[in-house]
Trainee: 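What follows is a single structure, and I will ask about it in a moment.
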Amino acid sequence: AHTCTTPSPQELEEARRWEGARDVRLLDGNVRRWGGLLLPNNPPYNMGAFCFELTFSPNHPLEPPCATLRTPIYHPSVDLEGRVCQPLTTHVHWEPTTRAVQVLQDLLLQLDSPDPQRVLRPDVARELQERPEEFQRRAEEHTRLHAEPRPDP
């Protein structure tokens with residue numbers, strides 16, 4: 001029987017040690033709101049870093065957390081509000097044993113390999129399928145304009 005808890009300090013530590021993110025911290029000292037920078041590995045997004053926010057439900061870990069990107073990104077799975085189509089954090093797939101760092105790893109994986117099946121922006125998904133070079137060019141340009149500078153390794 002799971003009871004509702006807040007994410008543990010160990011989970012935050014785990015996320016801080018993971019090389020896919022930097023500067024993972026509590027926002028406003030609130031254990032239910034984390035922020036940080038995601039560092040994609042693949043072009044066109046690996047030229048920049050993307051601010052994320054991870055918000056945990058008051059019913060954590062029974063309910064999934066919600067990841068949003070605060071940095072605009074040109075990606076079929078992320079809408080203009082920064083909401084992400086992330087199957088892992090839907091009620092259907094969510095497991096209370098899933099660690100916060102796994103949510104971030106899944107998010108990064110999704111940024112690194114845009115999937116036209118996970119769609120919040122149908123126009124971008126269509127472009128990715130039908131005109132991949134065009135998609136790359138736009139996403140690259142958008143990353144140059146909007147992404148955060150990449151921190152030194």
Side-chain angles (χ1 to χ4, degrees), residues 2 4 6-7 11-12 14-16 18-27 30-150:
H2 279 282
C4 301
T6 51
E11 284 202 77
L12 186 61
E14 222 173 13
R16 284 192 170 135
W18 172 53
E19 69 285 353
R22 283 280 186 297
D23 193 24
V24 180
R25 63 197 185 286
L26 304 180
L27 298 177
N30 181 344
V31 288
R32 294 196 191 285
R33 282 185 63 219
W34 297 7
L37 279 179
L38 277 180
L39 309 178
N41 300 300
N42 297 349
Y45 309 112
N46 62 355
M47 305 186 308
F50 296 84
C51 294
F52 71 85
E53 199 171 305
L54 195 57
T55 315
F56 296 89
S57 147
N59 301 323
H60 181 79
L62 305 180
E63 286 179 11
C66 171
T68 35
L69 285 184
R70 293 282 167 240
T71 306
I73 188 170
Y74 190 78
H75 194 290
S77 309
V78 185
D79 74 9
L80 297 170
E81 306 289 295
R83 284 187 293 257
V84 185
C85 170
Q86 195 176 8
L88 177 71
T89 58
T90 54
H91 287 275
V92 198
H93 295 105
W94 179 249
E95 297 284 341
T97 50
T98 308
R99 321 275 297 167
V101 74
Q102 291 171 293
V103 175
L104 295 176
Q105 286 164 342
D106 179 73
L107 176 58
L108 189 67
L109 193 64
Q110 207 161 326
L111 293 185
D112 273 337
S113 34
D115 179 353
Q117 302 310 309
R118 299 178 175 182
V119 175
L120 288 179
R121 294 177 67 186
D123 52 328
V124 178
R126 202 162 40 249
E127 185 182 73
L128 171 61
Q129 278 181 302
E130 295 167 9
R131 302 189 300 285
E133 300 80 12
E134 180 73 359
F135 166 80
Q136 284 290 336
R137 201 181 53 70
R138 283 192 192 198
E140 213 163 282
E141 177 68 1
H142 195 278
T143 301
R144 218 179 11 256
L145 291 173
H146 300 285
E148 304 293 319
R150 256 181 102 107

Trainee: In a table with atom names and distances, give each donor-acceptor pair under 3.5 Å that connects a side chain of residues 58-67 to protein atoms at least two apart or in another chain.
Mentor:
residue, atom, partner, partner atom, Å
N59, ND2, E63, OE2, 2.9
E63, OE1, S57, OG, 3.1

Trainee: Side-chain contact, heavy-atom cut-off 4.5 Å: L26 with V31?
Mentor: yes

Trainee: Can you name the closest pair of heavy atoms from A147 and T71 and give their distance?
Mentor: CA-CG2, 3.6 Å

Trainee: Using the salt bridge (Lys or Arg N to Asp or Glu O under 4.0 Å) criterion, which residues pair with E134? Sequence neighbours excluded.
Mentor: R137, R138

Trainee: Hey, is the main chain of C85 close enough, under 3.5 Å, to the side chain of Q110 for a donor-acceptor pair?
Mentor: yes

Trainee: Test your reading of the model: is there a side-chain donor-acceptor pair from S77 to the backbone of R118, 3.5 Å cut-off?
Mentor: yes

Trainee: Rounded at 0.5 Å granularity, tell me how far CD1 in I73 sits from CG in L111.
Mentor: 4.5 Å

Trainee: Please determine which of E140, E127, H142, Q136 meets the side-chain hydrogen bond (donor to acceptor under 3.5 Å, both in side chains) test together with Y74.
Mentor: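 By the side-chain hydrogen bond (donor to acceptor under 3.5 Å, both in side chains) criterion, Y74 pairs with just one of E140, E127, H142, Q136: E127.
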
Trainee: Would a 4.5 Å heavy-atom cut-off, applied to side chains only, mark T55 and R33 as touching?
Mentor: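 When only atoms from C-beta onward are counted, R33 and T55 do touch, with a gap below 4.5 Å.
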
Trainee: Evaluate the side-chain proximity of L12 to R16: yes if any heavy-atom separation is below 4.5 Å, no if none is.
Mentor: yes

Trainee: Any idea which heavy atoms bring F50 and Y45 closest together, and the distance?
Mentor: CE1-O, 3.5 Å

Trainee: Where do T98 and E11 come nearest, in terms of heavy atoms and distance?
Mentor: O-OE1, 4.5 Å

Trainee: In the structure I gave you, are the side-chain heavy atoms of D106 and T89 within less than 4.5 Å of one another anywhere?
Mentor: no

Trainee: What distance separates F135 CZ from R126 CZ, expressed to the nearest 0.5 Å?
Mentor: 13.5 Å

Trainee: Can you measure from CZ (R32) to CG (L27) and round to the nearest 0.5 angstrom?
Mentor: 14.0 Å

Trainee: Quick check: closest heavy atoms across L37 and C51, and the distance to 0.1 Å?
Mentor: CD2-SG, 3.7 Å

Trainee: Is there a donor-acceptor pair closer than 3.5 Å between any side-chain N or O of R25 and the backbone N or O of D23?
Mentor: yes

Trainee: Considering all heavy atoms of both residues, which atom of N41 and which atom of N46 are nearest to each other, and what is their separation?
Mentor: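 Heavy atoms only, the tightest pair is O-ND2, 3.1 Å.
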
Trainee: Which pair of non-hydrogen atoms, one from F52 and one from L69, has the smallest distance, and what is that distance?
Mentor: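 So the minimum-distance heavy-atom pair works out to CB-CD2, 4.0 Å.
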
Trainee: Quick check: do L80 and R121 have side-chain heavy atoms less than 4.5 Å from each other?
Mentor: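 Side-chain contact under 4.5 Å: yes.
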
Trainee: Kindly compute the distance separating CE (M47) from CG (N42), expressed to the nearest 0.5 Å.
Mentor: 12.5 Å

Trainee: Nearest 0.5 Å, what's the CG-CD distance between L109 and Q86?
Mentor: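 With rounding to 0.5 Å, CG (L109) is 10.0 Å from CD (Q86).
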
Trainee: Test side-chain contact (heavy atoms from CB on, under 4.5 Å) on L108 and W18 and set out the steps.
Mentor: CA-CA 12 Å; L108 189 67; W18 172 53; 3.6 Å; yes

Trainee: Do T68 and E81 come within less than 4.5 Å of each other through their side chains, counting heavy atoms only?
Mentor: no

